[in-house]
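Working notes for the structure below.
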Amino acid sequence: QVQLVESGGGLVQAGDSLRLSCAASGRTFSSYTMGWFRQAPGKEREFVAAISWNGGRTYYADSVKGRFTISRDNAKKMVYLQMNSLKPEDTAVYYCAAASIIGAVGNGNEYDYWGQGTQVTVSS
């Protein structure tokens with residue numbers, strides 16, 4: 001069992017940066033693939049980024065590649081999403097997710113646990 005709690009969201013202006021954090025509980029955290037997803041009002045949830053169990057592999061949606069960076073600290077049971085050069089279209093609720101066995105990192109249905117989400121609003 002893994003519980004996830006996101007933090008770090010807020011209201012920023014276009015071009016600003018934010019760092020989201022996801023605190024995890026559970027003894028097997030280090031074995032999970034971790035992902036970030038987001039959902040904007042009226043839109044479907046979409047994949048943002050993912051990181052393998054040891055941080056050796058990272059994956060990004062094309063829309064955030066080069067601007068966002070995912071990282072993890074297994075000793076602290078934390079996952080981070082550094083978001084730079086934010087755009088109004090990045091406005092969404094951001095969710096942290098954990099998957100014990102993953103095929104397609106971008107498929108939210110393959111993740112076992114989800115956090116409650118943190119709101120990110122980017123004004124123009």
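Computed from a prediction, not measured in an experiment: that's the story for all the values here. Side chains are part of it too, since the values below use all heavy atoms of this structure and drop only hydrogens, waters and symmetry mates. Here, residue 1 is the first one in the sequence, and each next residue gets the next number.
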State, with a plain yes or no, whether a side-chain heavy atom of [X] is found less than 4.5 Å away from one of [Y].
| X | Y | result |
| --- | --- | --- |
| F29 | R72 | yes |
| L4 | V2 | yes |
| V122 | Q13 | no |
| V64 | R38 | yes |

Heavy atoms only: give me the nearest [X]-[Y] pair and the separation to one decimal.
| X | Y | answer |
| --- | --- | --- |
| S17 | S85 | OG-N, 4.3 Å |
| Y32 | A98 | CD2-CB, 3.8 Å |
| A40 | A92 | N-CB, 3.8 Å |
| G9 | T118 | N-OG1, 3.2 Å |

Taking the ring of Y111 and the ring of F37, is the distance between their centroids below 6.0 Å?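 That pair passes the under 6.0 Å test.
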Are [Y] and [X] connected into the same hydrophobic cluster when the rule is that any two of I, L, V, M, F, W, Y join if their side-chain heavy atoms are below 4.5 Å apart?
| X | Y | value |
| --- | --- | --- |
| Y80 | Y59 | no |
| F47 | W36 | no |
| L18 | V93 | no |

Determine yes or no for a side-chain-to-main-chain donor-acceptor pair under 3.5 angstrom, with [X] supplying the side chain and [Y] the backbone.
| X | Y | answer |
| --- | --- | --- |
| T121 | L11 | no |
| R67 | Q82 | no |
| D112 | S100 | yes |
| T33 | I102 | no |
| E6 | Q116 | yes |
| Y60 | I70 | yes |
| E110 | G103 | yes |
| K77 | G26 | yes |

Below 4.0 angstrom, N of the basic side chain to O of the carboxylate: do D90 and K87 qualify?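 A salt bridge is absent here (no side-chain N lies under 4.0 Å from a carboxylate O).
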If you measure only the distance, is there a donor-acceptor pair under 3.5 Å linking the side chains of N54 and S52?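 A donor-acceptor contact under 3.5 Å links the two side chains.
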Evaluate the ring planes of Y95 and W114, with Trp represented by its six-membered ring, and classify them as parallel (under 30°), tilted (30 to 60°) or perpendicular (over 60°).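 The arrangement is perpendicular - the two ring planes meet at more than 60°.
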Between M78 and S21, does a side chain to side chain contact (heavy atoms under 4.5 Å, CB included) hold up when you go through it step by step? CA-CA 7 Å; M78 296 291 295; S21 298; 3.7 Å; yes
Tell me whether Q3 at atom CD has more than 12 heavy atoms from other residues, nucleotides or ligands lying less than 6.0 Å away.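 Atom CD in Q3 is not packed in, count stays at 12 or less.
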